[in-house]
There are 2 protein chains.
Amino acid sequence: MPSPRRHTAAAGPAPRRRRSRGELERRLIVDAALAVSAREEGYEGLTFQALGDELGVHPTAIYRHFRDKDELMLTLVEAIHAEVLAGLPPPGTDWAADLRLLALRSYEVFLRFPAISQVAAVRTTRSENEFQVVERIVGCLQRAGFDDADAAVYYRAFSDVLLGYVALDAGFAALRPATREGDLRAWSVNYRSLPAERFPGLAATAALIPAVADPANFTTALDLLIEAIRARAGKGGERCEAGTGPAAGR
Amino acid sequence: MPSPRRHTAAAGPAPRRRRSRGELERRLIVDAALAVSAREEGYEGLTFQALGDELGVHPTAIYRHFRDKDELMLTLVEAIHAEVLAGLPPPGTDWAADLRLLALRSYEVFLRFPAISQVAAVRTTRSENEFQVVERIVGCLQRAGFDDADAAVYYRAFSDVLLGYVALDAGFAALRPATREGDLRAWSVNYRSLPAERFPGLAATAALIPAVADPANFTTALDLLIEAIRARAGKGGERCEAGTGPAAGR
DNA sequence: ACCTGAACACCGTTCAAGT
DNA sequence: ACCTGAACACCGTTCAAGT
């Protein structure tokens, strides 16, 4: 029998109902791509083929609406930022609580789309929703009492830790299941059977180390970071600024 | 003229001197792969084709020594861990200084190989050198005065922040140059021209935000993290440490 | 204007064939 | 035992052709 180079329509998953002409738009493509991303394994699982199947359309039809995969991906990130902002209460009176909530919300929403987040954490979309998220973080740090220069420096460090954690845990979630389970097993098996003479610390603690990509790990790191920022804010200018109200102006 | 599907020997970069039979070993492949990784852009730049060229050998010859690209990559990570350990002085008297040095050294060495680190940060190699690095970190936290359970929890958080930062900055370094420069420009242009009415915080601070992937950013985050860990350790077990550190300024 | 189909230049991986 | 060459099942992307 002939072996087709590409799987035929019969072999692949049944395509959605075929769309009539002109029905395809960026909005539809974004939604379909998010659906595929939530389901598929890694960024390379988000395929024009899979996306075409999801939309009931030829894979290359997408190129009419997005220049390339990178432009599509950046648009998806903006959509994720929108979702982050949509679920976020307005800033309250406690800058640290606001900062913490924003980070937790971002982490949680991004990790719903590991295939994208794995690759998106590194990028800057430079568009509206991203601007708003950054503005929120900077605002928290100004309210903490830092001057503009310090707020800028801590913005970058805080944001990097957040995005780095997203990249890490999303990357883990995006692994092929067999790979992921193998790596998990390393911690529940290999690390727990090391010789105590050569690895005294691990012999005592290995069984107590939390699992890779457990969301509690991010919370631990986040709280440490906020404690340290708070401590530094206290040492610096905070007390002369404390009474001046939420509009830190400039 | 015929357009060959694959670039011919004449079209590609001149292969290194052809090796005689049996000269190929894992050690040689690892070195060549590290060389390619330091030069190439992303993980997909580390190609069997490029590696074959570097070695003066047919691309598929590598399969005789490594099961697949994943096994090769994990071996590369072990080699990087070896390099980390080789440049690390033995533990001293100050757990925080030791922890800081280990993190800085890891970050620095991994970032020499962005193509690999981008993908490696997520993984567990479960082999000798990785065990040793983990043992060192756990040891620092035990010396800080934490009990085993706390040491285990803080190990994971600390290690995640380190690896997340590596993933983030390596991912950025591994971007195609045009993409990387475009993203940098976002911060030096787009973020600096936002309307002050809608983005008061950014209007004041955008010009002061450090560049993406500036290594100083990691140092800032690292010092914050260690300060917080030290503070928590002080509350629990050991307090005799408070004044000793050489003023962890940023 | 919008979508399809075929083609192109790649990938990683397998396998029979050479030495 | 070790390497080569050809093939396979994918990728993203381009482009002429259809409607």
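So that the names make sense, note that chain A is the first sequence line, chain B the second, and so on, each numbered from 1. Not measured: the values here are computed from a predicted model.
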Taking the six-membered ring for Trp, are A/F48 and A/Y63 closer than 6.0 Å centroid to centroid?
yes
Is the closest basic N to carboxylate O distance between A/E128 and B/R198 below 4.0 Å?
yes
Restricting to side chain to side chain donor-acceptor pair (under 3.5 Å), what partner residues turn up for A/R185, sequence neighbours left out?
none
Rounding to an integer number of Å, can you tell me how far A/Q49 CD sits from D/dC11 C1'?
10 Å
Salt bridge check: are B/R105 and B/E83 linked by an N-O gap of less than 4.0 Å?
yes
Nearest-Å distance for atom pair CZ/P, residues B/R64 and C/dT13
15 Å
Check this for me: does the side-chain of B/T60 come within 3.5 Å of the base of D/dG5 through a donor and an acceptor?
yes
Roughly, in whole Å, what's the span from CZ in A/F48 to P in C/dC3?
14 Å
Look at A/E108 together with A/R112 and state whether they make a salt bridge at an N to O cut-off of under 4.0 Å.
yes
Between CG of A/L28 and P of C/dC2 the distance, given in whole Å, is 13 Å
B/R26/B/E71 ion pair, N-O < 4.0 Å:
yes
Nearest-nucleotide comparison on DNA chain D, the residue closer to the 5′ end among A/T47 and B/P59:
B/P59
Just to confirm, is there a sub-4.0 Å distance from OP1 or OP2 of D/dC3 to any side-chain nitrogen or oxygen of B/H65?
yes
Go through the structure and list residues passing side-chain contact (heavy atoms from CB on, under 4.5 Å) with A/R64, not counting sequence neighbours.
none
Separation of B/Y63 atom OH from C/dC15 atom C1', in whole Å?
13 Å
Please classify the nucleic acid contact of A/L46 as base, sugar-phosphate, or nothing, using heavy-atom distances under 4.0 Å.
sugar-phosphate
Whole angstrom value for the distance that separates C1' of C/dT13 from CG of B/L51:
15 Å
Where the side chain of A/H58 is concerned, which of D/dT4, C/dG5, C/dC2 is the nearest nucleotide?
C/dG5
What is the separation between atom CD on A/E40 and atom P on D/dC10, rounded to the nearest whole Å?
13 Å
My validator wants the stems of DNA chain D: runs of 3 or more consecutive Watson-Crick or G-U pairs, both distances under 3.5 Å, written as range with range.
C:4-8 with D:12-16, C:12-16 with D:4-8
Between P on C/dC11 and OH on B/Y43, what's the gap in Å once rounded to a whole number?
14 Å
